[in-house]
Number of protein chains: 2
Amino acid sequence: MTYSTQMDAARKGIITKEMEIAAKKEGIKAEDLRAQIAAGTAIIPCNKHHKSIDPNAIGSKLKTKINVNLGTSRDWSDIDMEYGKVQSAVDMGAEAIMDLSTFGDTEKFRMKLTSECPAMIGTVPIYDAVVYYHKPLKEITSEEWLAVARMHAEQGVDFMTIHCGINIETARRFKRNKRRMNIVSRGGSIIYAWMEMTGNENPFFEHFDELLDICEEHDVTLSLGDACRPGCLDDATDSVQIGELSTLGELTLRAWKRNVQVMIEGPGHMPLNQIAANMEVEKTLCHGAPFYVLGPLVTDIAPGYDHITAAIGGAIAAASGAAFLCYVTPAEHLRLPDVNDVKEGIIASKIAAHAADIAKGLPGAMDQDNKMADARRRLDWEEIYRCSIDSEKARRYHEEAAPEKEDTCSMCGNFCAVKNMNKILDGEIVSIFDE
Amino acid sequence: MTYSTQMDAARKGIITKEMEIAAKKEGIKAEDLRAQIAAGTAIIPCNKHHKSIDPNAIGSKLKTKINVNLGTSRDWSDIDMEYGKVQSAVDMGAEAIMDLSTFGDTEKFRMKLTSECPAMIGTVPIYDAVVYYHKPLKEITSEEWLAVARMHAEQGVDFMTIHCGINIETARRFKRNKRRMNIVSRGGSIIYAWMEMTGNENPFFEHFDELLDICEEHDVTLSLGDACRPGCLDDATDSVQIGELSTLGELTLRAWKRNVQVMIEGPGHMPLNQIAANMEVEKTLCHGAPFYVLGPLVTDIAPGYDHITAAIGGAIAAASGAAFLCYVTPAEHLRLPDVNDVKEGIIASKIAAHAADIAKGLPGAMDQDNKMADARRRLDWEEIYRCSIDSEKARRYHEEAAPEKEDTCSMCGNFCAVKNMNKILDGEIVSIFDE
């Protein structure tokens, strides 16, 4: 029996090899995953032409996945150097790489990703169209916008962010409702400006069926972009954001009719107390399609530390139903991230994802934490390093301040509660200063 | 009219000058704060002998406060250098300093703090007793334990962590209920070992009335220590932790009868989904006394990044009712923090506290975020730096990767959504590559 997309296969009762691989990683039955994919609540972004992929599934009942944004830019245009960052991101546990290249030979870099990289690859064709056509924005035609999406699909991209929701209706709603930060989505602002300058409808909304043809043919997952995501706390959960989300929900149903896999992009900047509610609203308005969030950042005042503000928001979001976290680095809002920022961003996102998986009660989610606790009780430092999310840093921190006693650390020294409890429970004398 | 403690004053209807100062900082009426202090739901730790204090109130309806642990140790015993760290912690916004000194002339450092420092000062007399008597642990007498607490009170300490809850009953419960990490509280493990070795009841529990005499006389706030706080996720919210919390609640009522101010210390390590429930349970078992949490850390596997795991847990805890956050640095579990770790820890805690204050809907909590959003919309970088929690880092990050255009940053360059939206809303042409 043949199938077009993973969703088509799932609906026909077929368990694909991608479902088998992804289900095994989750520790669930392939049949369970198939049912989630058939229902649209899980996806396996996996373009037929991306042969090097090691597939992963994304869904609120599965392990939380993380995405890392990379790509060539005016400042960093060396393809091999950028690919090195991709490899280290994958080594650190990123399940997805979004290639946001905006400079140089973007096609060459993209092709390298879809022929060599095991992570799922996402792109934003709108950015690439601006680079590709290299002409005044308003002169790009609807056909040309679509053509770049087709090219990405043919080149093996697993998921594409397409800002279909910022249509004329959404633009009108935006104009009626004043926002402090307007539109902060790059792709969203480009489409909005193009619509304003040309007077035309959003090409991806107007020609949504053609976009679905492309996605169905190559099995590209649509990542429905939120042009109107809040860019500051004060704009969060306003009628512009929720109105656009509602439109994305309608488009989700149209995509599902064509067996096209869908995820929904989400906030953004948001007060902590609104996060759980937003996850619920997405679930109803978008019919359970996986939610892919950028943050949310729980305060606006911490540039330089937005990996932390995003980890707070991301952990709560994922524990409340978000399936996929876009990493945020300390450089967010300030400059392109360097190699160290990328690492800090990935680790903060992995912490948020892991904390959420434990909170969701996923089987085995706490195994590594329990191993760590056992190692700590035994003061087995080598095992502590092995259980650490960053073994090198744990070892360096512990070893560079030599502990007074080999089995403790310099934080407590002889006051170490773990050591003293082990002693007293073994019936030994505990003292602190008379040893 | 005279009064013994702030609570005694509040109950007599007196608005003290400390209440006036603290209420002004909260933007609330002094009478409102007085009522909270009378009810025990807010405290102003403020020893009568601490003349240099700039008082602050702690309570779940007030701004979330943070504490920074410092103190001399075998590795860092220079009093002036350690006091330098105290000053920079206060400059960065710490409302409290806990002096956990375990080496050298602890009295001299403590006296310097209570005669010069504007932050509230906390200590753990148990640690100091071990240093002070310098003899085998089991030879320290009940009277001697109490004498050190009296000395700290006389020397102007504003709040003392006293592990009164780890009594014989709690110790029996601990023995019946196996835990992965046993007891990880330093003070708790010392008292437990002392009880096991001497066969005596916990001196602070047995002589609780004498402790109250001391606290009432000098207006020392009791910070009831949780010896049995979970030391790993797997031990969280177990009967040992909750049983001890229940005992602390009983002691709270006894303290309040004597007009002694009380806060309760809390976890620790805890899965994210248990945090809000723990805040509620504390509120009922401890009758609304302010909750002072260490973390909670939402995973055990991130040594080197526990300022992040604690910021996630702390933000949720404070948004759910915790009033006071103890900072956690990247060095937690590994070694004593250095100056940079202290800074990272303070900033992460301030982010968590601020995010929680916004979530609680405190009046004006979002003012700085709104200013930041306005500055970002205008691409006013000097104002962005001014609104940043760490102006120096924000400036350095932005300026060290020179933006292609002066008014954007190197993250998006010409793709900057903010710039392009400002243009199109002003009726200007937006393009990306043809300028």
Side-chain angles (χ1 to χ4, degrees), chain A residues 75 130 134 136-137 180-184 186 189 193 196 232-234 271-273 298-304 308 311-312 315 319 331 334-336 348 351 354-355 358-359 368-370 372-373 377 387-390 393-394 397-398 401 409-411 415 417 420-421 424 430-434, chain B residues 75 130 134 136-137 180-184 186 189 193 196 232-234 271-273 298-304 308 311-312 315 319 331 334-336 348 351 354-355 358-359 368-370 372-373 377 387-390 393-394 397-398 401 409-411 415 417 420-421 424 430-434:
Chain A
D75 292 317
V130 170
H134 213 283
L137 181 58
R180 212 179 270 273
M181 278 297 284
N182 298 316
I183 289 175
V184 298
R186 284 198 283 190
S189 67
E196 287 291 297
C232 65
L233 299 196
D234 195 41
L272 187 152
N273 56 308
V298 293
T299 171
D300 298 331
I301 66 166
I308 297 178
I312 295 171
L334 296 170
R335 61 161 165 78
L336 275 170
I351 288 171
H354 179 66
I358 292 168
Q368 187 83 346
D369 297 75
N370 289 342
M372 174 65 94
R377 189 187 59 249
C387 292
S388 295
I389 198 164
D390 183 352
K393 187 176 184 186
Y397 258 58
H398 181 237
C409 84
S410 63
M411 172 69 105
F415 280 78
N420 290 330
M421 285 304 297
I424 198 78
V430 171
S431 197
I432 317 281
F433 271 83
D434 58 332
Chain B
D75 292 318
V130 170
H134 213 283
L137 180 59
R180 212 179 270 273
M181 279 298 282
N182 299 316
I183 289 174
V184 297
R186 284 197 284 190
S189 68
E196 286 290 297
C232 66
L233 299 196
D234 195 40
L272 187 152
N273 56 307
V298 293
T299 171
D300 299 331
I301 66 168
I308 298 179
I312 296 172
L334 296 170
R335 61 162 166 75
L336 275 170
I351 288 171
H354 179 66
I358 292 168
Q368 186 83 345
D369 298 74
N370 290 342
M372 173 65 92
R377 189 188 58 248
C387 292
S388 295
I389 198 164
D390 182 352
K393 187 176 184 185
Y397 259 57
H398 182 238
C409 86
S410 63
M411 172 69 108
F415 281 77
N420 290 330
M421 285 304 297
I424 197 78
V430 170
S431 197
I432 317 282
F433 271 85
D434 59 331

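This one's a predicted model, so the numbers in the text were calculated from it and none came from an experiment. Residue numbering restarts at 1 for every chain, and letters A, B, ... go by the order of the sequence lines.
- Considering only heavy-atom pairs separated by less than 4.5 Å from chain B, the leading option among A:Pro271, A:Ala331, A:Pro303, A:Ala311 is A:Pro303.
- What you find for B:Met372 and A:Ile301 is that their closest heavy atoms are CE-CA, 4.0 Å.
- In terms of heavy atoms, B:Ala359 sits closest to A:Asn273 at CA-OD1, 3.3 Å.
- Judged by distance alone, the side chain of B:Ser410 and the main-chain N or O of A:Leu336 form a donor-acceptor pair under 3.5 Å.
- Nearest approach of B:Leu137 to A:Ser431, heavy atoms of both residues: N-OG, 3.2 Å.
- Options A:Val184, A:Asp234, A:Val298, A:Ile358 differ in how many heavy-atom pairs under 4.5 Å they form with chain B, and the most are formed by A:Asp234.
- Nearest heavy atom pair, residue B:Cys409 against residue A:Leu334, reads CB-O, 3.1 Å.
- For chain B, the nearby part of A:Ile424 is the side chain; its heavy atoms alone come within less than 4.5 Å.
- Your options are B:Ile183, B:Ile389, B:Ile308, and the one with the most heavy-atom pairs under 4.5 Å with chain A is B:Ile183.
- For a residue to count as touching a neighbouring chain, one of its non-hydrogen atoms must lie under 4.5 Å from one of that chain's; by this rule A:Asn182 touches chain B with the side chain only.
- Considering every non-hydrogen atom in both B:Arg377 and A:Arg180, the closest pair reads NH1-O, 2.7 Å.
- With chain B as partner, the option from A:Ala315, A:Cys232, A:Ala348, A:Ala319 having the largest number of non-hydrogen pairs under 4.5 angstrom is A:Ala315.
- Of all the listed residues (A:Glu196, A:His354, A:Gln368), the one sharing the greatest number of non-hydrogen pairs under 4.5 Å with chain B is A:His354.
- Chain A forms more heavy-atom pairs under 4.5 Å with one residue of B:Arg335, B:Met411, B:Met421 than with any other, namely B:Arg335.
- When atom types are taken as modelled, the side chain of A:Asp369 and the backbone of B:Thr299 share no donor-acceptor pair closer than 3.5 angstrom.
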